[in-house]
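Just below is one structure, and these are the notes that go with it.
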Amino acid sequence: MTDVKTDWKPDIFGYLDYREFLADYYEAAKANNRAFSYRYFSRRAGYSSPNFLKLVIMGERSLGAESVERFARALKLDGDETRFFRDLVAFNQAKTSEDKSAAFERVGASQRFRSARRLDSAYFTYLSRWYYPAIREMAARKDFRADPEWIAAQLLPPIRPSEAREALDVLFELGLLVRAPDGSLRRGEASLTTGHEVRSLAIGNYHRQMLTRAGESIELVAREQRDLSALTVCIAADTAAELKDRIHEFRERLLDRCDRDLEPNVVYQLNIQLFPLTAPPPVPEDDLNE
């Protein structure tokens with residue numbers, strides 16, 4: 001690249017990791033201007049440490065609120081880019097899943113991000129709204145109508161028609177709802193591939209939402225229409241792996257049975273949980289020395 005070019009900077013809206021963006025920015029800036037260096041950037045950002053940018057890129061330093069603003073000025077980001085950079089830093093440095101989800105919501109609110117990372121944004125939204133998977137399954141009903149008001153009233157608890165309308169848009173975008181040749185709607189089987197961090201965050205959100213629905217069902221759903229049960233057992237630590245395998249096999253058998261229904265007419269949620277209530281036993285010293 002030469003100094004006359006003005007489009008050498010990487011597009012920040014295509015990133016989910018601000019450190020990756022900074023690394024690409026550094027390489028692009030150095031290719032555009034051979035005088036650019038870590039020391040040069042530090043002077044521009046007002047830091048005495050000549051390698052601060054390098055330490056941030058390597059993950060050895062994080063950015064506080066003041067540093068974010070300094071970096072934004074040194075990177076010469078405009079208003080929208082600065083806001084996005086601020087949210088991206090918050091997303092990457094969040095300590096809890098709740099803070100991470102809230103930060104990603106702000107990241108995903110950027111139209112420029114949704115254009116650059118369409119799948120990440122849509123996938124996160126799909127698994128972070130409990131009613132999105134439910135609406136997709138509703139399409140198996142013969143009486144299904146792509147009418148937001150009808151869909152909203154069918155769900156338990158009901159949602160707003162505007163939420164149902166947004167859900168339809170996302171489901172079509174992801175290929176999870178498709179229109180058949182006769183004009184009817186059916187469930188799609190799109191392959192959803194996205195970054196590991198977004199996928200794990202979205203799946204965590206999905207499970208939390210569905211566990212909340214399970215708790216609400218105690219009051220909302222008649223006892224005859226639900227089954228809530230639990231076991232508290234003491235087992236050998238190694239037995240947990242066998243139980244996980246058996247749960248997986250059981251879930252697959254149930255799914256096969258559900259798929260054989262020719263005229264499904266109600267959407268159910270099945271949650272299965274297995275988790276420890278006590279800390280695992282200490283590892284014997286002999287095992288540590290092997």
Side-chain angles (χ1 to χ4, degrees), residues 1-125 128 192-205:
M1 297 182 183
T2 64
D3 290 337
V4 298
K5 278 187 173 287
T6 58
D7 60 350
W8 57 267
K9 292 195 301 183
D11 180 13
I12 190 173
F13 295 99
Y15 290 82
L16 263 177
D17 186 331
Y18 82 89
R19 299 181 198 274
E20 182 182 343
F21 164 73
L22 292 176
D24 289 350
Y25 179 95
Y26 175 80
E27 295 299 329
K30 199 164 184 65
N32 181 69
N33 179 0
R34 285 181 294 180
F36 189 89
S37 65
Y38 291 121
R39 185 181 298 275
Y40 177 91
F41 181 87
S42 288
R43 286 201 307 268
R44 203 158 78 178
Y47 290 103
S48 58
S49 171
N51 286 330
F52 189 66
L53 173 61
K54 182 179 181 181
L55 295 174
V56 172
I57 290 173
M58 295 175 64
E60 296 180 13
R61 294 287 189 278
S62 294
L63 295 182
E66 181 182 350
S67 293
V68 168
E69 303 309 317
R70 285 191 185 190
F71 266 60
R73 288 193 296 270
L75 294 165
K76 296 185 178 179
L77 303 179
D78 64 25
D80 287 342
E81 291 170 335
T82 297
R83 284 187 289 274
F84 185 81
F85 181 65
R86 193 181 297 126
D87 292 334
L88 205 57
V89 171
F91 172 65
N92 293 148
Q93 296 181 175
K95 301 299 184 183
T96 67
S97 57
E98 289 80 8
D99 288 343
K100 207 169 190 66
S101 291
F104 190 85
E105 291 272 6
R106 296 194 298 274
V107 168
S110 166
Q111 180 62 49
R112 292 166 71 179
F113 172 79
R114 291 198 300 271
S115 297
R117 302 289 294 252
R118 179 189 64 80
L119 187 58
D120 281 314
S121 180
Y123 183 86
F124 177 84
T125 301
S128 295
L192 299 179
T193 303
T194 186
H196 170 74
E197 189 167 25
V198 172
R199 184 168 63 250
S200 60
L201 180 63
I203 291 173
N205 286 341

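FYI, the numbering just counts along the sequence from 1.
Exactly one of F13, F84, F85 qualifies for a ring-ring contact (aromatic ring centres under 6.0 Å, His included) with F113. That residue is F84.
Partners of Y38 under the ring-ring contact (aromatic ring centres under 6.0 Å, His included) rule, at least two apart in sequence or in another chain, are Y26. Scored by the side-chain contact (heavy atoms from CB on, under 4.5 Å) test, N92 finds D17, Y18, L88, E197 as partners (sequence neighbours excluded). Legend: residues meeting side-chain hydrogen bond (donor to acceptor under 3.5 Å, both in side chains) with S42, ordered by chain and number and at least two apart, are absent. For D99, the side-chain contact (heavy atoms from CB on, under 4.5 Å) criterion is met by A94, T96, not counting sequence neighbours. Every residue meeting the side-chain hydrogen bond (donor to acceptor under 3.5 Å, both in side chains) condition with E105, not counting sequence neighbours, appears here in chain and number order: R129. Qualifying side-chain hydrogen bond (donor to acceptor under 3.5 Å, both in side chains) partners for D11, counting only residues two or more places apart in sequence or in other chains: none. Remark: Y25 engages W8 in a ring-ring contact (aromatic ring centres under 6.0 Å, His included) (not counting sequence neighbours). In this structure L55 satisfies the side-chain contact (heavy atoms from CB on, under 4.5 Å) test together with E60, R61, sequence neighbours excluded. For the side-chain contact (heavy atoms from CB on, under 4.5 Å) test, residues two or more places apart in sequence or in another chain that qualify with S62 are R19, Q93. Annotation: side-chain hydrogen bond (donor to acceptor under 3.5 Å, both in side chains) contacts of D87 (sequence neighbours excluded): R106.
Applying the salt bridge (charged side-chain N to carboxylate O under 4.0 Å, His left out) test to pairs two or more places apart or on separate chains, none has a residue in residues 35-56. Counting only residues at least two apart or in different chains, salt bridge (charged side-chain N to carboxylate O under 4.0 Å, His left out) contacts with residues 66-75 comprise E66-R70, E69-R86.
The closest side-chain heavy-atom distance from I203 to Y123 is below 4.5 Å.
Side-chain polar atoms of D24 and Y15 form a donor-acceptor pair below 3.5 angstrom.
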Quiz prompt | F71 vs L53, side chain to side chain contact (heavy atoms under 4.5 Å, CB included): CA-CA, chis, key distance, verdict | solution = CA-CA 9 Å; F71 266 60; L53 173 61; 3.7 Å; yes
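Aromatic rings of Y47 and F52 (six-membered ring for Trp) have centroids within the 6.0 Å cut-off, being under it.
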